[in-house]
Amino acid sequence: MASFAANSSLLSPNSAKSCVTSSPFRCSCISFTNNDKPTNLAATTAYPLSSLSHQTHKGLGSWGEKAGKKESFSQTSAVRHLTGSLTSAEGLRFAIVVARFNEIVTRPLLEGALDTFKRYSVKEEDIDVVWVPGSFEIGLVAEKLGKSSKYHAVLCIGAVIRGDTSHYDAVANSAASGVLSAGLSSGVPCIFGVLTCDDMDQALNRAGGKAGNKGSETALTAIEMASLFEHHLKF
Ligand code: INI
């Protein structure tokens, strides 16, 4: 039986390979063969898009009946699962918008992102870094970059720290909605890599300290989304 991943929470540059399987599973999918480098990527299963409705599938419920036995939705044949690949990052172009505010945190986040791009074969000349004063300014610049048609994805990096400001909520919410809006209006994936933390310790822990590097995770998400759009969602 063909194996395919519905979740890419454990993968590495060398562990994922694109595959197209035939019967009994007509799926275009990614198969992960080696779990040597865990990441924190969220589940990547893509459920049927309306544009794929020519595919025959057994209804959209959670369960189907097969020979009197219950069959889980994820095992339903003829459903195509579309995911981005982390191994075909070469040729993809990225912009990184990074806030100078709390640079002691945002610079290591940026370095984490750049290091991850390098490990996944994204060329330096395919990356542009744009500095802005603070997280509040990220959305506008991300939208401009997204609409330029020059990039496959835009990473947004910032750090909003509650202790630093009485308008924490305003800055944090504006940054989040600005990045969301940039992606929706440009049609280019804009990835949210803005830390929202209670204090500087918490922020530093997430910028290469004991809680990992969120900049690196942001870069992985950007590669996956760029690949998904480039290889599967060009219509
Ligand atoms: N910008 C941040 O990126 N993080 C913060 O914690 C922060 N604080 O604390 O105020 C912050 N403020 C600046 C803001 O992003 C804008 O640059 C400024 O308001 C000008 O528009």
Side-chain angles (χ1 to χ4, degrees), residues 39-42 84 89 92-120 122 124-226 229:
T39 75
N40 281 336
L41 278 188
L92 295 174
R93 293 183 310 277
F94 298 92
I96 307 177
V97 190
V98 52
R100 219 168 25 242
F101 205 103
N102 289 324
E103 190 176 337
I104 193 171
V105 178
T106 61
R107 192 168 279 278
L109 291 174
L110 171 64
E111 279 160 11
L114 292 173
D115 180 60
T116 296
F117 277 149
K118 192 172 180 182
R119 285 191 294 117
Y120 282 79
V122 178
E124 284 185 1
E125 55 267 35
D126 289 331
I127 306 167
D128 289 328
V129 177
V130 181
W131 288 88
V132 295
S135 296
F136 187 83
E137 282 74 38
I138 290 175
L140 178 63
V141 174
E143 178 173 312
K144 180 93 176 163
L145 294 167
K147 287 182 174 174
S148 71
S149 303
K150 286 175 64 178
Y151 306 103
H152 292 91
V154 179
L155 282 73
C156 301
I157 289 176
V160 190
I161 300 176
R162 191 179 289 279
D164 283 0
T165 177
S166 55
H167 60 290
Y168 167 91
D169 289 320
V171 176
N173 292 336
S174 302
S177 59
V179 173
L180 172 64
S181 158
L184 294 175
S185 67
S186 66
V188 169
C190 291
I191 312 304
F192 190 64
V194 178
L195 295 182
T196 52
C197 300
D198 289 331
D199 53 46
M200 182 59 82
D201 265 4
Q202 209 177 64
L204 290 171
N205 281 339
R206 295 171 187 180
K210 60 187 176 197
N213 189 312
K214 293 287 170 191
S216 172
E217 289 176 25
T218 306
L220 283 178
T221 306
I223 294 170
E224 181 179 342
M225 287 295 286
F229 272 59

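Numbering of ligands and ligand atoms starts at 1, following listing order.
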(request) May I have the step-by-step check of side-chain contact (heavy atoms from CB on, under 4.5 Å) for Leu184 and Leu180, ending in yes or no? (result) CA-CA 6 Å; Leu184 294 175; Leu180 172 64; 3.9 Å; yes

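When Met200, Glu137, Arg100 are checked for heavy-atom proximity to atom 21 (O) of ligand 1, Glu137 turns out nearest.
Looking at Ala159 against ligand 1, only its backbone comes within 4.0 Å, counting heavy atoms. Looking at Ile161 against ligand 1, only its backbone comes within 4.0 Å, counting heavy atoms. Heavy atoms of Val194 found under 4.0 angstrom from ligand 1: none, in either backbone or side chain.
For the ligand labelled ligand 1, residue His167 lies inside the 4.0 Å heavy-atom shell.
Between Phe101 and ligand 1, a contact under 3.5 Å exists for no N or O pair. For ligand 1, the polar-atom distance check against Pro133 finds no nitrogen or oxygen pair separated by under 3.5 Å.
Counting heavy-atom neighbours within 6.0 Å of Phe136 CZ, excluding the residue itself, gives a total of 12 or less.
Checking side-chain atoms of Thr221 against main-chain N and O of Glu217 turns up a donor-acceptor pair under 3.5 Å.
One side chain, Tyr151 or Asp128, offers a donor N or O that lies under 3.5 Å from an acceptor on the other. With 3.5 Å as the limit, one finds a donor-acceptor pair spanning the side chains of Ser185 and Glu143.
Of all atoms in ligand 1, listed by their number and element, those nearer than 4.0 Å to a heavy atom of Asn102 are 4 (N), 5 (C), 6 (O).
With sequence neighbours excluded, no residue satisfies salt bridge (Lys or Arg N to Asp or Glu O under 4.0 Å) with Glu137.
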